[in-house]
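Remember, it's 1-based here, ligands and their atoms both numbered in the order they're listed. Given the structure is predicted, the values throughout are model-derived calculations rather than measurements.
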Amino acid sequence: MFFRQRPAANATLSYFFGCASLQKAVAVDVVAGDENWFIEEAEKAGVRIVHVVDTHVHADHFSGGPALARRAGAPYCLHESNQGRVGFGFTPLVDGQRLDVGNVLVDVVHTPGHTPDSVCLLVRDLRRGSEPWFVITGDTLFVGAVGRPDLAGQERAMAAQLHDTLQTKLLTLPPELEIYPGHQAGSACGAGLSGKPASTIGFEKRFNPMLSMSKEAFVDALTAGIPAQPADMASIVAANLRGVVPEAAPA
Ligand SMILES: [Fe+2]
């Protein structure tokens with residue numbers, strides 16, 4: 001497989017990976033203005049972009065996903081809970097669904113908590129083994145931190161849901177599994193993120209302070225330390241729900 005992690009604006013981490021031999025690729029959490037980079041990387045790797053995924057409707061940056069999907073002729077994918085909320089056609093993702101990216105298989109895991117529509121992507125490379133190799137965690141689990149729970153309102157209920165999601169859907173994965181988060185230090189989407197852009201489930205389980213708390217302590221700690229909301233959040237979310245971002249959007 002090939003794999004690229006792109007540090008983008010607003011401390012966002014985007015991903016582009018896939019199967020060079022069967023010439024298929026998936027783009028994840030594309031920031032507006034970065035579309036050309038994905039097109040150029042696809043040309044370099046000799047692959048076709050077959051899926052463009054946003055792990056959730058972003059509140060901190062304009063998504064480049066819909067524009068890249070249109071240019072690549074690929075489906076733009078969001079969790080199915082966005083049906084009726086997003087004002088343009090997208091391909092709904094359901095929990096447990098598998099995306100075929102050649103010898104690379106991508107399983108969708110619904111992981112509500114940061115937002116109700118958050119998904120993580122569990123990735124295996126059949127050329128290396130039948131077990132998952134890494135998980136793209138979006139804003140659900142960061143290196144050293146977890147996603148903020150307040151962007152959709154009801155922050156205590158969302159924090160409790162995030163605790164359940166983390167404990168039952170991510171921390172049950174094998175300890176050697178790599179995690180690739182949606183942000184690194186400097187992001188408004190969480191507090192206390194490491195500047196290191198990758199980790200493993202096992203290391204986070206041992207050393208991420210948010211992962212060893214009772215649900216009650218987790219909810220108290222997470223809702224006590226909420227950072228300021230991203231600037232222009234309402235207009236960013238509105239644009240991402242329309243699928244049309246302003247010209248030369250500040251990425
Ligand atoms: Fe987010």
Side-chain angles (χ1 to χ4, degrees), residues 5-15 27-34 52-66 68 76-82 85-86 90 93 108-121 135-155 157-163 165-166 169-170 179-195 197-199 204 208 210 222-223 225-243 245 249-251:
Q5 181 187 50
R6 177 175 171 79
N10 288 346
T12 292
L13 296 166
S14 307
Y15 296 92
V28 180
D29 287 342
V30 178
V31 173
D34 284 355
V52 178
V53 178
D54 266 323
T55 55
H56 56 295
V57 174
H58 298 287
D60 67 315
H61 66 266
F62 293 108
S63 173
L68 178 64
Y76 173 64
C77 309
L78 285 169
H79 185 253
E80 60 174 343
S81 58
N82 287 300
R85 174 179 182 235
V86 164
F90 68 93
L93 297 175
V108 175
V109 186
H110 183 215
T111 51
H114 170 62
T115 58
D117 68 326
S118 286
V119 295
C120 293
L121 303 174
V135 57
I136 305 268
T137 55
D139 293 5
T140 299
L141 175 59
F142 297 126
V143 179
V146 301
R148 62 188 295 163
D150 61 304
L151 297 178
Q154 299 184 309
E155 61 212 40
M158 294 300 289
Q161 194 173 37
L162 182 59
H163 184 269
T165 283
L166 289 164
K169 296 197 167 176
L170 290 182
I179 68 164
Y180 289 97
H183 290 288
Q184 56 186 335
S187 167
C189 282
L193 284 70
S194 174
S199 185
E204 292 309 302
N208 184 323
M210 299 305 294
L222 196 56
T223 53
I226 293 176
Q229 293 212 333
D232 302 332
M233 182 176 117
S235 61
I236 291 171
V237 171
N240 288 337
L241 291 173
R242 282 196 312 273
V245 302

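- Side-chain contact of His58 with Asp29: a donor-acceptor pair under 3.5 Å is present, judged by distance alone.
- The name of the N, O or S atom in His114 nearest to the Fe ion (ligand 1) is NE2.
- At a cut-off of 2.8 Å, Asp139 is counted among the residues with an N, O or S atom near the Fe ion (ligand 1).
- Applying the side chain to side chain contact (heavy atoms under 4.5 Å, CB included) test between Leu78 and each of Asp54, Val119, Thr55, Leu93 identifies Asp54 as the sole match.
- For Asn240 and Ser63, the side-chain atoms include no donor-acceptor pair closer than 3.5 Å.
- For the residue pair Thr12 / Asn10, no side-chain donor-acceptor distance below 3.5 Å is found, with atom types taken as modelled.
- His183 lies apart from the Fe ion (ligand 1) in this respect, since none of its N, O or S atoms is found at a distance under 2.8 Å.
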